[in-house]
Amino acid sequence: MTYINPYYDNNFFEFFLTLASRVGAFFSGDSLTLASDELQILVLSLIALTSSCVGTFLILRKMTMLANALSHTILVGIVGAYLFTRAMGEGGDHFDFSHLLPNSSVLVIACLMTAFLTTFLTELLITKVHLSEETSCGIVFTFLF
């Protein structure tokens with residue numbers, strides 16, 4: 001009996017062997033298409049890999065408080081992009097983000113702008129007011145969040 005699921009009746013280790021062979025075949029140019037679950041595992045693995053590299057860099061540079069402030073203050077950019085697109089008449093009457101999905105460049109630009117604003121204000125407080133990095137990050141983080 002033939003099953004469509006390539007992972008049917010696989011144990012724990014066979015699952016990873018099958019996944020590795022299917023992803024390898026996909027990248028080697030075979031006519032294999034990955035299932036949505038396989039793409040999710042691949043994307044999440046790549047995100048975890050890059051985040052761990054960035055996180056290690058920030059810990060070594062003693063900039064973890066700035067990373068925490070950036071990760072939380074870009075929420076201001078997302079909210080600003082939502083309110084901006086709603087004010088331009090692209091949003092409906094209900095609470096919905098679907099109008100932002102085709103135009104995700106608005107979200108990226110708004111997040112980058114708030115990230116630069118957070119970094120600029122933090123550095124401004126460090127250089128002009130002579131606060132420590134942790135204190136200036138805390139002030140900007142609280143102000144923007």
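One-based numbering along the sequence shown.
Partner of Thr122 under the side-chain contact (heavy atoms from CB on, under 4.5 Å) criterion, out of Thr135, Leu131, Thr127, Val140: Val140 alone.
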- prompt: Between Phe27 and Arg22, does a side chain to side chain contact (heavy atoms under 4.5 Å, CB included) hold up when you go through it step by step?
  reply: CA-CA 9 Å; Phe27 282 119; Arg22 288 179 56 83; over 6 Å; no
- prompt: Given Leu125 and Leu121, is the side chain to side chain contact (heavy atoms under 4.5 Å, CB included) satisfied, shown in steps?
  reply: CA-CA 6 Å; Leu125 289 176; Leu121 290 176; 5.6 Å; no
query: Are Ser136 and Val129 close enough, and set up right, to give a side chain to side chain contact (heavy atoms under 4.5 Å, CB included), and what steps lead you there?
result: CA-CA 9 Å; Ser136 61; Val129 185; over 6 Å; no
field: side chain to side chain contact (heavy atoms under 4.5 Å, CB included) evaluation trace for Glu133 with Met65
entry: CA-CA 8 Å; Glu133 183 177 347; Met65 186 66 179; over 6 Å; no
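For Phe116, the CZ atom sits in a loose shell: 12 or fewer heavy atoms of surrounding residues, nucleotides or ligands are nearer than 6.0 Å. Environment of CE in Met113: sparse, with no more than 12 heavy atoms of neighbouring residues, nucleotides or ligands closer than 6.0 Å.
For the atom pair Leu42 CG and Asp37 CG, the distance stands at 12.5 Å (nearest 0.5 Å). Between the CG atom of Asn10 and the OH atom of Tyr8 there is a distance of 11.0 Å, given to the nearest 0.5 Å.
Qualifying ring-ring contact (aromatic ring centres under 6.0 Å, His included) partners for Phe120, counting only residues two or more places apart in sequence or in other chains: none.
A 4.5 Å side-chain heavy-atom check between Ile41 and Leu19 finds at least one atom pair inside the cut-off.
Residue Val54 is not grouped with residue Ile47 when hydrophobic side chains (ILVMFWY) are merged at heavy-atom distances under 4.5 angstrom, including chains of intermediate members. No continuous path of hydrophobic side-chain contacts links Leu112 to Leu107 [ILVMFWY only; heavy atoms under 4.5 Å].
When only modelled atom types and interatomic distance are considered, Thr114 and Thr73 share no side-chain donor-acceptor pair under 3.5 Å. When only modelled atom types and interatomic distance are considered, Thr18 and Ser21 share no side-chain donor-acceptor pair under 3.5 Å.
Screening residues 57-74 for salt bridge (Lys or Arg N to Asp or Glu O under 4.0 Å), with sequence neighbours left out, gives no hits.
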